[in-house]
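Hydrogens, waters and symmetry mates are skipped; everything else that's a heavy atom, side chains included, is used.
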Amino acid sequence: METWKYGIAILFVLALFASIHFFKKKRASDFASALQSGDSKRYEKALFSKINLFVLEPNMLFLMRSNYYTSKGQLDEAEKCLKVVHPEKLHFDAAINYYQAMMSFTFSNKDVAKFDKLIEGLKSRITDENKDFVNAIIENQNVNRKLYFDFDASVIEDIKKLVEVNHDEAKGMLYMNLAKAYHLNKDDKQAKESLKQAMSYLKNTPYQKVIESTLNDLSILD
């Protein structure tokens, strides 16, 4: 009799785990569908679902929420989301996204210690396969350090050299930095030209709103 009861209990537990697994799989499928649908309201609903926060990978979800807030120009909310992310639990591409986004906030907060910690985090993700890619990011970020923490007009030429060897979104981000360098060097005409160049690479990305706001108010570059 006791054996029968244990058998029923085991079957119940297995059925429960199977149900949970099926539920998580369905939520993940629904989330992916919402992401690919192009329906912004459907995506927002899935992104901010409290249930998804428990059944999907929370670090990835908070990183995506941060990207969403950045695209809306809500940088304070974007930073709050990043602060709860554990980058060591993210896959490589997502971790790179995290480190670069978080570094942008260290510049605005003048937090050199946090910046150095993030650089160490980047270094921890280096493997034989990705070392050239990650080291290039670190090189770019060290130029940013010179731009944001200890401004020197010579950084303009440093950024120009990086612009020449980068492509796509990375090139757009460098043009944003070049705009800041020109502005700090009292050359707002070149700052605006650099922002326009940045827009050509970063249109329809989370940075489009930031560039548009900056073109209307260059004091954002201070």
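Counting only heavy atoms from C-beta outward, the side chains of Ile119 and Tyr99 never approach each other to under 4.5 Å. Contact annotation: the side chain of Asn135 never approaches that of Glu139 to less than 4.5 Å [non-hydrogen atoms, C-beta and beyond]. At a threshold of 4.5 Å between non-hydrogen side-chain atoms, the residues His91 and Met60 count as touching. With contacts defined as side-chain heavy-atom distances shorter than 4.5 Å, the pair Gln190/His183 does not qualify. Counting heavy atoms from C-beta on, the side chains of Tyr201 and Glu169 never come closer than 4.5 Å. At a threshold of 4.5 Å between non-hydrogen side-chain atoms, the residues Phe133 and Ile96 count as touching. The shortest side-chain heavy-atom distance between Lys209 and Lys72 does not fall under the 4.5 Å cut-off. Between Ile159 and Tyr175, the closest side-chain pair of non-hydrogen atoms is not below 4.5 Å.
Counted by atom type alone, His86 and Asn59 present zero donor-acceptor pairs between their side chains at under 3.5 Å. Inspection of the Glu193 and Gln197 side chains reveals no N or O donor paired with an N or O acceptor under 3.5 Å.
One distance of note links CG of Leu178 with NZ of Lys171; it measures 11.5 Å at 0.5 Å rounding. One finds the OG atom of Ser66 at 8.0 Å from the CG atom of Asn97 (value rounded to the nearest 0.5 Å). Note that the CD atom of Glu57 and the CE atom of Met64 stand 11.5 Å from one another [nearest 0.5 Å]. Atom CG of Leu174 is separated from atom CG of Asn140 by 5.0 Å, given to the nearest 0.5 angstrom. Note: Leu82 CG to Thr70 OG1 = 7.0 Å, rounded to the nearest 0.5 Å. The distance from atom CD of Gln100 to atom CE of Met102, rounded to the nearest 0.5 Å, is 14.0 Å.
Contact detail for Leu147 and Asn177: the closest heavy-atom pair is CD2-O, 3.5 Å. Considering every non-hydrogen atom in both Ala153 and Asn185, the closest pair reads CB-OD1, 3.5 Å. Closest of all the heavy-atom pairs between Tyr98 and Leu63 is CA-CD1, 4.0 Å. Taking each heavy atom of Thr214 and Val210 in turn, the nearest pair found is OG1-O, 2.7 Å. Here the closest heavy-atom approach between residue Tyr207 and residue Leu202 is recorded as CB-CD1, 4.1 Å. Scanning all heavy atoms of the two residues, the minimum distance from Ala181 to Val155 falls at CB-CG1, 4.1 Å.
Within the 3.5 Å criterion, the main-chain N or O of Pro58 finds no donor-acceptor partner in the side chain of Lys89. For Lys180 (side chain) and Leu221 (main-chain N/O), a donor-acceptor pair under 3.5 Å exists by modelled atom type. Remark: the backbone N or O of Leu162 is paired with a side-chain donor or acceptor of Asn166 at under 3.5 angstrom. Between the side chain of Asn216 and the main chain of Ser213, no donor-acceptor pair closer than 3.5 Å is present. Between the side chain of Asp217 and the backbone N or O of Ser219 there is at least one donor-acceptor pair closer than 3.5 Å.
Hydrophobic clustering keeps Phe151 apart from Ile220 (ILVMFWY residues linked when any side-chain heavy atoms are closer than 4.5 Å, directly or through intermediates). Val143 and Leu184 fall within a single hydrophobic cluster, where Ile, Leu, Val, Met, Phe, Trp and Tyr are joined by side-chain heavy atoms under 4.5 Å apart, directly or via other members.
Other residues, nucleotides and ligands contribute only 12 or fewer heavy atoms inside 6.0 Å of the NZ atom of Lys189.
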- Task: Before giving the answer on side-chain hydrogen bond (donor to acceptor under 3.5 Å, both in side chains), spell out for Glu79 and Asn109 the whole-Å C-alpha distance, their side-chain angles and the decisive distance to 0.1 Å.
- Result: CA-CA 11 Å; Glu79 185 177 13; Asn109 298 331; 3.0 Å; yes
Could you go through Lys80 and Lys83, starting from their C-alpha distance and side-chain angles, then the distance that decides it, and tell me whether this counts as side chain to side chain contact (heavy atoms under 4.5 Å, CB included)? CA-CA 5 Å; Lys80 285 178 186 177; Lys83 284 181 176 179; 5.8 Å; no
**OP:** Go through the steps to decide whether Glu120 and Lys123 satisfy the test salt bridge (Lys or Arg N to Asp or Glu O under 4.0 Å), and finish with yes or no.
**Re:** CA-CA 5 Å; Glu120 291 306 310; Lys123 289 179 180 178; 3.6 Å; yes
*Pair Thr106-Phe149, side chain to side chain contact (heavy atoms under 4.5 Å, CB included): steps then yes or no*: CA-CA 10 Å; Thr106 68; Phe149 296 135; 4.1 Å; yes
Residues Leu122, Leu118; criterion side chain to side chain contact (heavy atoms under 4.5 Å, CB included); working and verdict: CA-CA 6 Å; Leu122 270 174; Leu118 291 166; over 6 Å; no
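Taking the six-membered ring wherever Trp is involved, the centroid distance between the rings of Phe115 and Phe107 falls below 6.0 Å.
Between Glu157 and Lys160 there is a salt bridge, since a side-chain N of the basic residue sits under 4.0 Å from a carboxylate O of the acidic one. Taking 4.0 Å as the cut-off between side-chain N and carboxylate O, Lys161 and Glu164 do not count as a salt-bridged pair. Between Asp152 and Lys146 there is no salt bridge, since no side-chain nitrogen of the basic residue lies less than 4.0 Å from a carboxylate oxygen of the acidic one.
Cation-pi check for Arg65 over Phe62 is met; the charged atom lies under 6.0 angstrom from the ring centroid and within 45 degrees of its normal.
For the ring pair (Phe, Tyr, Trp, His ring centres under 6.0 Å) test, residues two or more places apart in sequence or in another chain that qualify with Tyr69 are Phe48.
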